[in-house]
Amino acid sequence: VGGFWPGFLATLAVGAITAYVLIPPVGHFAFAASHDLFQWGMLVGNGVLVSLLAESPIVQARRQQPPGSKMLFLCMFLPAVAGIGLGGNLYAESEIRFEQQRLQAADHEAVELASNSLRSTLLHLAADIKFLAKLPRLKRLINEPSPTDRHRLVETFAAFLEAQRRYDQVRWIDETGMERVRVNLAGGRALAVPDDELQSKANRPYFAAASQLPENGLYMSPLDLNVENGRIEIPYRPTMRLAMPLFGDQGQRRGIVIL
C-alpha cells in the first residue's frame with residue numbers, strides 16, 4: 001500500500017495546483033520569475049524524492065497486504081496530498097509576501113527618486129527667479145526708469161530665456177498690475193513683446209498673491225491654463241508661474257518679476 005505512485009501522484013497534483021493557482025501569473029501554467037520556477041522545481045523534486053525513498057519498504061510490505069489495503073491506500077494518499085498542499089500554500093504565501101515587499105521597496109525607491117528630482121528642480125527654479133529679481137539693470141529700471149535701461153533689461157531677459165530654454169516667458173509687472181517688460185520664447189528664439197501688446201494682469205490671482213509677499217518672498221502658482229487678453233489660450237497650455245516681489249530703494253513696492 002502506498003509507495004512511490006501515491007506520493008508521486010500527490011506531488012504532481014499539488015505541483016499543478018500550486019503552479020496554476022498560487023504562483024504568478026495566476027491562472028496559467030507559467031512562471032513570471034526564474035526563482036519561482038526554481039522553487040517550484042524544488043517542491044516537486046522533494047516530493048518525488050520522498051516517494052522514491054518510501055518505495056523500498058513498501059514493496060516488501062506489499063507481499064503481505066491485509067484486507068482493506070485500498071482503504072489504507074486512500075488514508076495514506078489523501079493526507080499526503082493535504083500535507084504537500086499545505087507546504088505548497090505556505091511556500092506560495094511566502095513568495096507573495098516576498099513579492100509584495102519587493103514591490104513596496106521599488107515603489108519607495110521610485111517615490112524617493114521622484115521627490116529628489118522635484119526638490120532639485122524647485123531649487124533651480126527658485127535660484128533662477130532670485131537671479132532675475134537681483135539684476136542690477138532691473139533695480140535701476142524700477143528706481144529710475146529710462147529707455148536705455150529698459151532696452152538692456154529686454155536683452156538680459158532674452159539671453160536668459162535662450163540660455164535656459166525651460167521657460168516660456170519672463171516679465172516685469174509693475175505695482176499696478178501692468179506688464180512693463182515681457183519677453184517670450186518661441187521656436188528657440190526670445191522675442192520682446194511690443195509696448196502696445198502689453199497687458200494688465202491686475203486681476204490675475206498670481207499677481208495679487210505675489211505682490212503681497214515680503215521682500216525675498218517666493219510665490220509658486222498652482223498649475224492652471226494660460227490666459228491671454230482675458231481668454232484662455234487655445235490650444236490649452238498648462239502653466240505654472242514663479243514670482244518674487246520687487247522693491248525700490250526706499251522700500252516702496254515696484255511690482256513683481258515673474259517666470
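Residues take their numbers from the sequence shown, with the count starting at 1.
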Quick one, E197 and R182 - any side-chain contact, counting heavy atoms below 4.5 Å?
no
Is a salt bridge present between R137 and D149, judged by a nitrogen-to-oxygen distance below 4.0 Å?
no
Between CD on residue Q252 and CD on residue E175, distance to nearest 0.5 Å
8.5 Å
The residue among V170, L246, L138 that forms side chain to side chain contact (heavy atoms under 4.5 Å, CB included) with L132 is V170
Does the pair D195/R150 count as a salt bridge with the N-to-O cut at 4.0 Å?
yes
Smallest separation among heavy atoms of L161 and N184, with atom names:
CD1-C, 4.0 Å
Measuring only between side-chain heavy atoms, which start at C-beta, is F160 closer than 4.5 Å to V183?
no
Taking R165 for its side chain and E162 for its backbone only, find out whether a donor-acceptor pair lies under 3.5 Å.
yes
Should L213 and V257 be regarded as members of a common hydrophobic cluster, given that ILVMFWY residues are connected when their side-chain heavy atoms come within less than 4.5 Å of each other, either directly or indirectly?
no
Identify the two heavy atoms, one from A208 and one from S211, that lie closest to each other, and give their separation to 0.1 Å.
O-OG, 3.3 Å
Using side-chain heavy atoms (C-beta onward) and a distance below 4.5 Å, is Y167 in contact with L125?
yes
To the nearest 0.5 Å, atom CD of Q250 lies from atom CG of N143 at 8.0 Å
Kindly compute the distance separating CZ (F207) from CZ (R241), expressed to the nearest 0.5 Å.
13.5 Å
With a 4.5 Å cut-off on side-chain heavy-atom distances among I, L, V, M, F, W and Y, is there a chain of contacts connecting L153 to F247?
no
Within-4.5 Å side-chain heavy-atom neighbours: R140 and P136:
yes
Over all heavy atoms of both residues, which pair between K201 and Y206 is shortest? Give the atoms and the distance, please.
CD-OH, 3.3 Å
Y219 versus A210, closest heavy-atom pair with distance
CB-CB, 4.0 Å
Is it true that a side-chain atom of E179 and a backbone atom of L198 form a donor plus acceptor pair closer than 3.5 Å?
no
Side chain to side chain, L135 and F157, heavy atoms closer than 4.5 Å:
yes
Under 6.0 Å from the CG atom of N203, do we count more than 12 heavy atoms belonging to anything else shown?
no
Stepwise side-chain contact (heavy atoms from CB on, under 4.5 Å) check, R171 with Q199
CA-CA 11 Å; R171 293 174 287 171; Q199 307 168 43; over 6 Å; no
Does the side chain of D174 come within less than 4.5 Å of R254's, by heavy atoms?
no
Under 3.5 Å: donor-acceptor pair, side chain of W172, backbone of I142
no
Specify the closest pair of heavy atoms between A190 and L185, including all atoms of both residues, with the distance to one decimal.
N-CD1, 3.7 Å
Might you point out which heavy atoms bring Q212 and R253 nearest each other, and give the distance in Å?
O-NH2, 3.5 Å
Steps toward side-chain contact (heavy atoms from CB on, under 4.5 Å) verdict (M240, M220):
CA-CA 7 Å; M240 184 176 71; M220 181 176 292; 4.0 Å; yes
Cluster check I173, V181: I/L/V/M/F/W/Y, side chain < 4.5 angstrom:
no
Heavy-atom side-chain contact between L242 and L218 under 4.5 Å
yes
